[in-house]
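A short worksheet on the structure shown next.
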Amino acid sequence: MKGLTAFKEKATGVFGGIKPNFEKFEISKGYHGGLGGYEEMEGGDRPGDGPGGGHRYDDDRPDSPASFEEIERPPLRKIDKYFKAECPCLPARYTIAVMACVGFMISFGMRCNMSAAKLKGEHNGTVFMNWTVAVESHVDSSFFWGYLITQIPGGFIASKFPANKIFGLSIVSSASLHLFVPFAMTLMHGHVVICVRVLQGLFEGVTYPACHGIWRFWAPPMERSRLATLAFSGSYAGVVVGLPLSGLLADAIGYQAPFYAYGIFGITWYMFWLWLCFENPRKHPAISVPELKYIEKSLGETSVQPSMPSLTTTPWREMMRSMPVYAIIVANFCRSWNFYLLVLFQSSFLKHKFGFKVEEAGFVGSLPHLIMTTIVPFGGMLADHLRKNGIMSTTNVRKLFNCGGFGMEGLFFLFVAHADTSTGAMAALTCGVAFSGFAISGYNVNHLDIAPRYASILMGLSNGIGTLAGIIVPYALDGLIQKDPHGCWTTVFTLAACVHLIGCTFYGIFASGELQPWAEPPQEEKHVWSPPAAAINEDTGNQIGYMKETAFGEPQYTEQSQMQQSNAINYGATGHVANNPFALTTTTIAEESIQPEMVNDSYAYDYSQQHQQQYQQQQQQQQ
């Protein structure tokens, strides 16, 4: 037990460097609040009429969790009575980010299985499953036919239904269909495989829009880049794991093994997703009150939620005339071209050009994506740092990260195209893919800058156009590879470099990080919240408990600056545009400024002496 305790303390320290652990937060000495949820099971009976005993969360102490409002916990499920719905040492919002990351890992790992199966299925120079070049191209691109169709509808679906349920169902449905792919390979000369993969694409097309829908309720504005990039890094981590694991399973067991393994992975992951992830913080039975307060106050008043756009209220005409929108679309297409090139043909490149075995091609080919997986979340943190500290504007940050990533990857791909040794080719390929990780903090987060209200729709639109690259790449390259499997790679990677350089130039000219005029919210969502009349001091005209600075860390801010925000959800858009409704009306709040500071290994609110005297006087008057 001592070893387990020491391990937990070390893990808490590691994750505490990312975000403080809210579970050690002290509300107040001698305060026995009505806790509800899991706290019903932990504290025994307490005096009072709150849920689980104690007093309700309705006292009026300045800036305490109890003054936020009465917290109503959802009823415990049967499994919750035995296993608490939380990951040790992780706040609830980071638990969801990690689970979404694993979901993307499974989703993109499934896309690596077919290439490993084809390499393993080649015997004595014969074609895999006796497929013609046309059928093989159809099989490679069929997934993206369905994936393309549900991109834009996925944005509306994720806004109408709980986004966490949509995300989970899309992964588990695709994983279940994945179990039938090996059997479908033996039927009707590949046509059944095409049908199954089209259905997989239909289900997975809603994953990215649904992920944006999840962050609408869970991500504080100044954490949105890091939470989104943490989740999206699973796309690249999936390739890191998928390429070597698919090759290893195919070589050791058979070409069917990767499909069965990933189908089981997806179903198992979905069980944990149902257990740990919820639509919004209010529906989470295990979230701590301070974290709940932090998320909801960061996003705005929960009683006023913006009406979600519909098909008729979306400004399609203005959107189609916006060059920053086209900059995102072009960047997404160019990045998708090179990404799907590597997912579908990197193992073939290593085998045919340098004679790697199937399992060797998988392990060596995963190295560039491993480096990229570490770069993506780091790039998100660096981009947020540059924006929050005023070092660079959002527009310049997006252009720097996107153009720098694209430009360097295009340059290194030219080295790959003319490399004569496997060492030189892999070194250049690793550097190029690693640099492209910074581009994710450019175009892939840019939707939230220019049109936060329509971010899910823009994600579906740009990702749908990017999916066209996944359809075109197999048709463009399968013929070249069949004709000259050894010498065609100079043409393949030179073309890939040119695609990236075109995307870099277009994005550098037309991209923007500013809120666009057509993305303005309705007037009714721009009203400023007013504090209750009881909180106003008639003698001084100041607001008791709202004007004093609180010791939440540097730079300090007033509670008034926190609460006098627009009732609309703060999407995190920057204030580079005049009359930007998403910018704070007063002092900009640093990300850490609204979190409690650490005092003697626990978290406590630091009330001023005046506030404590006022609270004691109120208690005496009530008695």
Side-chain angles (χ1 to χ4, degrees), residues 100 103-115 135-158 163 166-181 184 190-214 231-232 234-236 238-239 242 246 259 262-263 266 328-345 440 443-444 447 455-478:
F104 279 119
M105 287 181 64
I106 296 172
S107 172
F108 278 76
M110 288 189 289
R111 306 181 194 184
C112 302
N113 298 160
M114 187 59 71
S115 61
V135 172
E136 188 172 339
S137 298
H138 292 332
V139 171
D140 288 334
S141 62
S142 57
F143 173 88
F144 302 102
W145 300 349
Y147 194 73
L148 173 64
I149 294 173
T150 52
Q151 286 295 313
I152 297 178
F156 294 103
I157 293 173
I166 299 298
F167 184 83
L169 286 173
S170 65
I171 301 295
V172 72
S173 299
S174 180
S176 300
L177 288 169
H178 208 60
L179 295 171
F180 293 97
V181 173
H191 294 89
V192 178
V193 179
I194 294 173
C195 294
V196 173
R197 287 176 62 81
V198 168
L199 290 175
Q200 286 185 283
L202 286 171
F203 283 112
E204 290 194 36
V206 302
T207 51
Y208 273 95
C211 194
H212 272 281
I214 291 171
F232 293 153
S235 305
Y236 313 103
V239 180
S246 297
F259 299 97
Y262 270 89
I328 296 175
I329 291 174
V330 170
N332 201 320
F333 179 89
C334 296
R335 178 70 195 105
S336 297
W337 180 282
N338 282 353
F339 179 71
Y340 291 125
L341 165 66
L342 297 179
V343 170
L344 297 175
F345 297 104
I440 307 303
Y443 79 93
N444 216 22
H447 315 78
S456 295
I457 298 172
L458 283 178
M459 171 59 80
L461 179 63
S462 64
N463 212 36
I465 301 299
T467 303
L468 291 176
I471 297 175
I472 297 173
V473 164
Y475 291 106
L477 302 185
D478 273 334

(request) Evaluate side-chain contact (heavy atoms from CB on, under 4.5 Å) for W145 paired with S141, printing each intermediate quantity in order. (result) CA-CA 7 Å; W145 300 349; S141 62; 3.5 Å; yes

(request) With side-chain contact (heavy atoms from CB on, under 4.5 Å) as the test, would you mind laying out the steps for Y475 and H138 before giving the verdict? (result) CA-CA 8 Å; Y475 291 106; H138 292 332; 2.6 Å; yes

(request) Given side-chain contact (heavy atoms from CB on, under 4.5 Å), test F180 with V192 step by step and report yes or no. (result) CA-CA 10 Å; F180 293 97; V192 178; over 6 Å; no

(request) Decide yes or no on side-chain contact (heavy atoms from CB on, under 4.5 Å) for M459 and N444, but give the supporting numbers first. (result) CA-CA 8 Å; M459 171 59 80; N444 216 22; 3.7 Å; yes

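Atom CZ in F232 sits 4.5 Å away from atom SG in C211 (nearest 0.5 Å). Rounding to the nearest 0.5 Å places CG of L342 at 11.0 Å from OG of S115. In this structure, the separation between CD1 on I171 and CE on M110 is 6.0 Å, given to the nearest 0.5 Å. Atom CD of residue Q200 and atom OG of residue S170 lie 12.0 Å apart, to the nearest 0.5 angstrom. A distance of 12.0 Å separates CG in L202 from OH in Y147, rounded to the nearest 0.5 Å. Going from atom CZ of F144 over to atom CD of E204 covers 9.5 Å, rounded to the nearest 0.5 Å.
S142 places a side-chain N or O within donor-acceptor distance of the main-chain N or O of V139, the cut-off being under 3.5 Å. Here the side chain of N113 pairs a donor or acceptor atom with the backbone of G109 at under 3.5 angstrom. Between the Q151 side chain and the L461 main chain, no donor and acceptor come within less than 3.5 Å of each other. In this structure, S176 contributes its side chain and V172 its backbone to a donor-acceptor pair below 3.5 Å.
V343 and C112 make their closest contact through CG1-SG, 4.3 Å (heavy atoms, listed as atom of the first residue, atom of the second, distance). Scanning both residues, T150 and P153, for their nearest heavy atoms gives C-CD, 3.7 Å. S137 and P474 get closest at one heavy-atom pair: OG-O, 3.8 Å. Annotation for A210 and A163: closest pair O-CB, 3.4 Å, computed over non-hydrogen atoms. The shortest non-hydrogen separation linking V193 to M114 is CG1-CE, 4.2 Å. Taking both residues in full, the closest heavy atoms of V196 and A184 are given as CG2-CB, 4.3 Å, listed atom of the first, atom of the second, then distance.
Residues F203 and L169 are not in side-chain contact: their nearest non-hydrogen atoms beyond the backbone lie 4.5 Å or more apart. With a 4.5 Å cut-off on side-chain heavy atoms, F108 and Y236 do not count as touching.
Using a 30° and 60° split on the angle between ring planes, F104 and F167 fall in the perpendicular class, above 60°.
For Y340, the side chain to side chain donor-acceptor pair (under 3.5 Å) partners two or more places apart in sequence, or in a different chain, are R111.
Looking only at atom types and distance, the side chain of Y208 has a donor-acceptor partner in the side chain of S235 under 3.5 Å away.
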Which atom pairs, donor and acceptor, lie under 3.5 Å between side-chain atoms of residues 465-472 and protein residues at least two apart or in another chain?
from, atom 1, to, atom 2, distance (Å)
T467, OG1, N463, O, 2.6

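Between F333 and Y443, the ring center distance fails the sub-6.0 Å criterion.
Note on residues 462-473: no pairs pass salt bridge (Lys or Arg N to Asp or Glu O under 4.0 Å), not counting sequence neighbours.
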